[in-house]
There are 2 protein chains.
Amino acid sequence: MSAKRSTLADVARLAGLSPTAASLILNGKPDTRFSAEAHERVHAAAARLGYRPNIGARALRTDRTLSIAFISDVVATTRFASGLIQGALEEAERAGHVVLVMETRGEPAREAEAIEAVLDRQVDGIIFGTMRARELFVPDFPDSTRVVMLNATNPRYGVSVLPDEEAGGRAAVDLLAAAGHAEGIALIGQNDEAERDLFRSATVARRVNGLRSELTELGLTLVAEESCWEWEPHNGYELTAELLDRRDDIRALLCMNDRLAFGAYQACSERGLAVGRDISVVSFDNDELASYLRPGLTTIGLPHVEMGREAVKLLLSDAAPGQRLVPMPIVERHSIATVDTTSESARRAQARLAAGRIAG
Amino acid sequence: MSAKRSTLADVARLAGLSPTAASLILNGKPDTRFSAEAHERVHAAAARLGYRPNIGARALRTDRTLSIAFISDVVATTRFASGLIQGALEEAERAGHVVLVMETRGEPAREAEAIEAVLDRQVDGIIFGTMRARELFVPDFPDSTRVVMLNATNPRYGVSVLPDEEAGGRAAVDLLAAAGHAEGIALIGQNDEAERDLFRSATVARRVNGLRSELTELGLTLVAEESCWEWEPHNGYELTAELLDRRDDIRALLCMNDRLAFGAYQACSERGLAVGRDISVVSFDNDELASYLRPGLTTIGLPHVEMGREAVKLLLSDAAPGQRLVPMPIVERHSIATVDTTSESARRAQARLAAGRIAG
DNA sequence: AGGCGGTGCTAAATGCATTTACCACCGACT
DNA sequence: AGTCGGTGGTAAATGCATTTAGCACCGCCT
């Protein structure tokens with residue numbers, strides 16, 4: 001607990017040189033002609049005093065704070081957001097940056113405040129980790145502040161990072177088809193009409209697109225589509241219960257997320273259907289939940305951490321506008337029953353999966 | 001996207017006064033004698049230019065950055081940590097502070113780096129949200145930097161925020177007892193010997209203490225104690241399965257956390273035992289999971305968000321050393337079967353619960 | 001006329017690091 | 001003797017807001 005930090009002036013004094021010399025030497029400026037002895041003296045003095053530059057003071061001249069802001073509508077509420085933060089933190093640390101985390105709960109007023117607050121602190125860049133692809137109120141913005149959208153797009157800011165939902169949707173179908181499922185496949189959770197302007201739509205639409213295209217290309221069809229507004233376990237339970245009670249030809253469930261799948265498991269189990277044997281389930285997210293289920297749930301993961309990392313990389317590298325699509329990992333567990341791996345569509349799906357894995 | 005922010009000098013110029021006047025007036029300094037007109041002109045100028053002070057520059061003189069650091073070993077990994085962060089964020093915002101989040105993964109080297117990094121940025125205070133009550137390596141620390149420990153204690157720093165585990169443990173027992181459970185109560189997950197120096201022990205020991213004291217005071221006993229190292233669903237499943245297969249007098253399960261309880265549910269359901277009717281389950285954490293289960297799991301919540309808030313409050317209020325124990329909420333759902341609410345011990349437990357609720 | 005106490009405001013220093021614009025000195029060359 | 005091109009540095013300005021010390025002026029009193 002020392003009383004105070006030493007300053008550059010202290011270092012210079014101890015080294016018997018000017019602050020200019022100390023600064024130039026410590027920052028390793030090229031094209032500067034100081035004697036080898038001067039270098040030594042300055043470094044020794046800095047080491048002895050445990051000198052560390054005051055980043056705020058430096059920023060005053062350099063306009064670089066080595067800090068970035070992560071502004072999202074939710075942070076702790078969803079596992080999703082915190083994965084994004086984790087990735088961002090990792091990558092930022094690697095680059096010697098520090099991350100200012102802000103939560104807006106999606107309220108425009110708080111959004112504006114958050115932006116002001118981080119701008120007041122001269123952050124080098126801002127990551128907007130919103131879950132909704134919505135237009136943000138944007139106050140006067142210094143041109144030098146870089147922005148990247150995470151899991152969202154905004155016409156105003158070119159750089160965005162998104163999960164590769166299209167490929168993910170295809171992979172889910174391939175997984176089922178590769179195990180031989182060709183009939184009795186139902187979709188749980190999706191409703192194209194209702195989704196029109198839901199917050200999920202931005203990326204989920206691509207998921208559904210991928211999913212449908214892949215089904216079509218493999219010559220398969222959905223025998224049922226059960227939709228609901230929310231995607232919580234009880235919705236999955238109700239939808240699946242109702243579906244299974246209504247018809248007896250259901251062999252595979254494509255759930256829009258793991259929480260729905262959880263509910264589906266409960267409904268199956270109540271009806272004496274063993275997941276992974278009598279019926280298959282595949283879903284999206286790779287929520288922690290997926291590994292808790294018995295049998296383990298096969299799911300297409302949302303690559304949170306990787307996305308967070310990518311966002312920081314793009315932010316700090318001054319990337320050209322465009323969308324960075326992060327591959328969604330296929331997480332195989334034991335919820336898919338093997339029906340027939342030799343059929344035509346099964347073979348084609350297997351090939352597609354293999355190709356996708358190499359590409360990813 | 002304006003080119004640049006305006007400075008205090010700009011405001012002063014526009015108002016036709018000196019920067020001194022502008023500063024004094026904008027900061028509402030008392031005992032300063034400027035004309036009403038001067039006040040007006042300065043405020044008008046500031047508003048017109050959208051002036052916002054540069055916090056870094058201000059900090060140079062005031063030594064207050066209006067930023068605090070939240071350093072924890074894990075952030076996204078556990079729901080726990082992110083709840084803490086959420087609370088901290090809320091409270092910090094209220095106080096006009098911004099939060100620098102750092103993750104150390106418990107590695108001492110990263111810890112030291114994180115501390116240096118935030119000290120370089122002159123944070124006003126640091127919250128250590130470690131999950132382990134371990135001694136930290138501490139570099140030279142400016143005396144003015146406040147520190148509070150969150151969910152941990154450290155002899156070096158007096159202020160810490162912890163969940164009131166003792167009371168929580170008692171409440172869990174009361175819940176069971178109040179429903180009439182007097183026999184066949186088993187503890188799932190705890191092993192006093194094995195826990196000796198586990199990271200959980202810091203607070204969990206109090207939980208177990210509370211639990212045992214309450215049992216004793218109500219004249220109840222545990223018929224079994226199944227312990228395990230990890231507290232994941234599969235552990236709960238295995239422990240419970242083995243227990244239920246071994247004996248048929250088990251009527252209530254006290255699980256050390258919700259994930260264990262989840263596993264216990266699976267084991268019960270496999271054996272045809274309906275939770276909330278044939279057997280009762282109560283646990284700790286109030287994980288998201290608890291609400292997903294069928295029937296909903298009654299649990300003693302870990303007050304993450306509240307703890308995070310509390311930590312920031314203490315940090316910014318320059319609190320006296322001491323431990324702040326945050327009450328653990330009782331979250332009643334439907335996993336406790338009613339056996340007999342009129343017995344002596346049930347009545348006493350009911351009274352204790354009621355008293356606790358009023359106190360909390 | 002000289003002094004005194006307000007009133008209303010400003011100049012300049014300060015915190016810390018960076019950076020631009022020099023300066024002093026030496027040896028060599030003409 | 002004067003000049004030129006290094007060599008090895010330094011003084012001072014700068015970025016922005018805060019803060020200390022003090023200035024100019026007015027009316028009033030003696």
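Note that the structure is a prediction, hence the values are computed from the model and not measured. Chain letters run A, B, ... following the sequence lines, proteins first and then strands; every chain starts at 1. Every heavy atom of this structure was used, including side-chain atoms; hydrogens, water molecules and symmetry mates were not.
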- request: To the nearest Å, give me how far apart CG (B/D10) and C1' (D/dA17) are.
  value: 13 Å
- line: Checking D/dG9, C/dC16, C/dT19 against the side chain of A/T62 (C-beta onward), the nearest is C/dT19
Upstream residue (5' side of DNA chain C) when B/A36 and A/A57 are each assigned their closest nucleotide: B/A36
statement: In B/L315, B/T145, B/V148, the residue satisfying side-chain contact (heavy atoms from CB on, under 4.5 Å) with B/I126 is B/T145
- prompt: Just wondering, do B/R121 and B/S67 contact through their side chains at under 4.5 Å, heavy atoms?
  reply: no
query: In terms of side-chain heavy atoms of B/F34, which of C/dT10, D/dG9, C/dT18 is nearest?
result: C/dT10
- prompt: Would you say A/S23 reaches C/dA17's phosphate, i.e. side-chain N/O to OP1/OP2 under 4.0 Å?
  reply: no
task: Write down the distance between CG (B/D63) and P (D/dT19), rounded to a whole number of angstrom.
output: 11 Å
message: I'd like to know if the side chain of A/T65 pairs up with that of A/D124 as donor and acceptor (distance under 3.5 Å, no hydrogens or angles considered).
response: yes
task: Measure distances between side-chain N and O atoms of B/S18 and base N and O atoms of C/dA11, and say whether any donor-acceptor pair falls under 3.5 Å.
output: no
- prompt: Given C/dA17, D/dA17, D/dG9, which nucleotide is nearest the side-chain atoms of A/Y51?
  reply: C/dA17
message: Under 4.0 Å, counting only non-hydrogen atoms across every strand here, what does A/N27 touch: a base, just sugar-phosphate, or nothing?
response: sugar-phosphate
field: Comparing B/S35 and A/L60 on DNA chain C - which has the more 5′ nearest nucleotide
entry: B/S35
- request: Could you tell me the separation between the CZ atom of A/R64 and the P atom of C/dC16, rounded to a whole number of Å?
  value: 23 Å
- prompt: Just how far, in rounded Å, is P of C/dT19 from CG of A/D31?
  reply: 14 Å
Nearest-angstrom distance from the residue atom CG of A/L8 to P of C/dT19: 12 Å
query: Are A/D10 and A/R5 within salt-bridge range, i.e. N to O under 4.0 Å?
result: no
message: Using a heavy-atom cut-off of 4.0 Å across all strands, would you classify B/R58 as base, sugar-phosphate, or nothing?
response: sugar-phosphate
- prompt: For the pair made of CD1 in A/I55 and C1' in C/dT18, what is the distance, rounded to whole Å?
  reply: 14 Å
Name the atoms and distances for all side-chain donor-acceptor pairs under 3.5 Å in residues 21-31 of chain A, with sequence neighbours left out.
from, atom 1, to, atom 2, distance (Å)
A/S23, OG, A/N27, ND2, 3.4
A/N27, ND2, A/S23, O, 3.0

- line: B/T7 has its side chain closest, among D/dT19, D/dT10, D/dC16, to D/dC16
- request: Give the rounded distance in Å between these two atoms: CZ of A/R121 and C1' of D/dA17.
  value: 15 Å
- prompt: Would A/R110 and A/E113 pass as an ion pair if we require N to O under 4.0 Å?
  reply: no
message: Rounded to whole Å, please give me the gap between NE2 in A/H39 and P in D/dT7.
response: 15 Å
- prompt: Can you find an N or O donor on one side and an acceptor on the other, under 3.5 Å apart, linking the side chain of B/T20 with the base of D/dT19?
  reply: yes
message: Base, sugar-phosphate or nothing for A/A22? Non-hydrogen atoms, less than 4.0 Å.
response: nothing
statement: With the side chain defined as heavy atoms from C-beta on, B/L17 is closest, among C/dT10, D/dG9, C/dT19, to C/dT10
- prompt: Does the C/dT14 base have a donor-acceptor partner in the side chain of B/R61 within less than 3.5 Å?
  reply: yes
message: Both B/R52 and A/P19 contact DNA chain D. Taking the nearest nucleotide for each, which residue is further toward the 5' end?
response: A/P19
message: At 4.0 Å (heavy atoms only), tell me whether B/L24 reaches a base, stays on the sugar-phosphate, or touches nothing.
response: base
